[in-house]
Q: 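What follows is a single structure, and I will ask about it in a moment.
Protein chains get the first letters and strands the later ones, always in sequence-line order, with residue 1 at the start of each.
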Amino acid sequence: MIISPKNMQRGVVSILTAATAITVLILIFIIFFILEKGLPVLSLNFLTTNPQDMGKSGGIFPTIIGTILLPAIALLIAIPLGIFTSVYLCEYTKETIITKIIRFATDCLAGIPSIIFGLFGYIFFVNTLEMGWSILSGGLTLAVMVLPTIIRTSEEAIRSVPQIYRQVSFSLGASRWQTVKKVVLPNALPGIVTGVMLSIGRSIGETAAVIFTAGSSLRIPTSLFDSVRTMSVHFYILAREGLSNQNAYGTAAALIIAVLIINILAYWTMHRFIAKRN
Amino acid sequence: MANKIEIENFSVYWNAERYLNSISLEVKMNEILGIIGPSGSGKTTFLRSINRMNELETGFKHEGLLSMDGNDIYSPDTDVVLLRKKIGIVFAMPVPLPMSIYENVVYGVRLSGIRNKQKLDELVERSLTEAYLWNEVKDRLNISGLRLSGGQQQRLCLARVLAMEPEVILLDEPTSGLDPISTAKIEDALNELKSKYTIILVTNNTKQAARVADRTGFFLMGDLIEIGDTRKVFTSPVKKETDDYITGRFG
């Protein structure tokens, strides 16, 4: 049977449209489902009070603090470390067998299940370095976990900056670092931000790696060495122990809204930066 | 006239393959030296050897001597960053950096540490004027350099080099992608600039060399076939290959 190019075209367009529609629908369904169940629970009171009875009632205030602190520590460490590593790999070394091995290793690390990172964090940060179940252990573990993602996405972004821009910059008497700072990084920024966004999402939503390293204390932490519970861990415990489905959905809704707000803010900042440059 | 640049038995290899064969020539102070020859003759490799742009790519090796004002350009003591400030280059493709016209012009100067706004403003006006671009862009210095036309972009690239007040300007087929009017504007600029700068102009357009160069060299397959006063090279070349190329029998 021969399909005419015209019908083929129609067929392809409908398949592509259908695929996109299914993706969007699934996304909308999940968000709608959770918000529908969670929004009625959400209130200022829910967000700002401490949990009662292991979370059966009361709010989620301490878990919000945990959810802010853990990813913040992780990103504070992983963003500079990751970007500097990728700058080094792209701009300061020639492509050799060693850089290939480094790249392969980063790819492998990015694919490792998070619970393995949790186990590593538990053995290394919690026990060996004797940090205990703490904000610091959890943050460091998350940093290790998102580092490969940041390195690989930044590397792609840096490589996609046209080579000729570097040549122009050198020809105008710029040093390598000046070229990186004034030409390479600003132009790689959108790609780097995408990687950072992915990492924020991953570290906010991470449960397995966090429960092993930051613990699940419901007290408000007073130092970096205190245990803390994040919203995702809270959600997991509430749902698994059957403590309160209602509060679990409320936590999930707060989590989704928080991720949305962070994404919107980051893209807005980036667009402002780009608009200012052009 | 004194020699600005002296080149003796200079050869270039890329990955052990020879691209320039023992070139010897000198460039005089405040002249425009035209370099003509078919593509693949080593013109660009030659030009980019002078401000050490070639070594940014892997596999580059050289032999022989290349000096400016008597100082060996390839000496280990040479500060490459400083060298590239003294020897500016305009590439074949106009490549404004993705920033405003103003920022493009002051890019190199800012790197040298000049921050004074008034000084920078003056520099922008002077450089753009010298590059025959000021009148076209003076009211929109803050738009992106990428929004200019190809011909304007190339003059912006020239202005960017001029702002650094170099001693030598290298031009690598600067008008190859431009229309005749833009080309004429760049050639006019060059004619005025030679009172202040020493200029080496690589061009695929033999007529352009005839129009603007004081002396012209002819490259073929990595060899310098002939070099001399432009009029002489074009009217009574010594070598048969030069004559064939100029009259359009090959290349």
Q: Which distance, rounded to the nearest 0.5 Å, do you find between the OG of A:S171 and the CG of B:L56?
A: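 A:S171 OG to B:L56 CG: 9.5 Å, rounded to 0.5 Å.
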Q: Considering residues, nucleotides and ligands other than A:I98, do more than 12 of their heavy atoms fall under 6.0 Å from its CD1?
A: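 Counting neighbours around CD1 of A:I98, 12 or fewer heavy atoms of other residues, nucleotides or ligands fall under 6.0 Å, so no.
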Q: Quick one: do A:Q178 and B:R110 satisfy side-chain hydrogen bond (donor to acceptor under 3.5 Å, both in side chains)? Show the steps, please.
A: CA-CA 11 Å; A:Q178 288 170 327; B:R110 263 198 218 277; over 6 Å; no
Q: Just wondering, are more than 12 heavy atoms of other shown residues or ligands nearer than 6.0 Å to OH in A:Y92?
A: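 Yes, enclosed.
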Q: Please evaluate residues A:Q163 and B:E57 with respect to the criterion side-chain hydrogen bond (donor to acceptor under 3.5 Å, both in side chains), reporting the C-alpha separation (whole Å), side-chain torsions for both, the decisive distance (0.1 Å), and the verdict.
A: CA-CA 11 Å; A:Q163 201 58 36; B:E57 276 146 64; over 6 Å; no
Q: Counting only non-hydrogen atoms closer than 4.5 Å, does B:P96 touch chain A with its backbone (N, CA, C, O), its side chain (CB onward), both, or neither?
A: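 The backbone, not the side chain.
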Q: How far apart are the closest heavy atoms of B:V81 and A:S175, and which atoms are they?
A: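 Heavy atoms only, the tightest pair is CG2-CA, 4.2 Å.
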Q: Can you tell me how far apart CG (B:L111) and OG1 (A:T179) are? Round to the nearest 0.5 Å.
A: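 If we round to the nearest 0.5 Å, B:L111:CG and A:T179:OG1 are 7.5 Å apart.
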Q: Contact part of B:R160 toward chain A, heavy-atom cut-off under 4.5 Å: side chain, backbone, both or neither?
A: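 Both parts, heavy atoms under 4.5 Å.
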Q: State, to 0.1 Å, how close B:V95 and A:I164 come at their nearest heavy-atom pair, and which atoms those are.
A: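 Looking at all heavy atoms of both residues, the closest pair is CG2-CG1, 3.5 Å.
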Q: Are there over 12 heavy-atom neighbours, none belonging to A:I97, within less than 6.0 Å of that residue's CD1?
A: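 Count not over threshold, so no.
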Q: Kindly check if the number of other-residue, nucleotide or ligand heavy atoms within 6.0 Å of CZ (A:F84) is above 12?
A: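 No, the 6.0 Å shell around CZ holds no more than 12 heavy atoms from other groups.
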Q: Taking every heavy-atom pair that is under 4.5 Å apart, which of B:M93, B:E103, B:K86, B:M164 has the most such pairs with chain A?
A: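 That would be B:M164.
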Q: For atom NZ of B:K196, is the number of surrounding heavy atoms from other residues, nucleotides or ligands below 6.0 Å larger than 12?
A: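 Enclosed: over 12 neighbouring heavy atoms sit under 6.0 Å from NZ of B:K196.
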Q: Between atom CZ of A:F170 and atom CD of B:E55, what is the distance when rounded to the nearest 0.5 Å?
A: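 It comes to 10.5 Å.
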Q: Rounded at 0.5 Å granularity, tell me how far CD1 in B:I89 sits from CG in A:L172.
A: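 With rounding to 0.5 Å, CD1 (B:I89) is 10.0 Å from CG (A:L172).
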Q: Please give me the minimum heavy-atom distance between A:K182 and B:M99, naming the atom from each residue.
A: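 Heavy atoms of A:K182 and B:M99 come nearest at O-CE, 4.0 Å.
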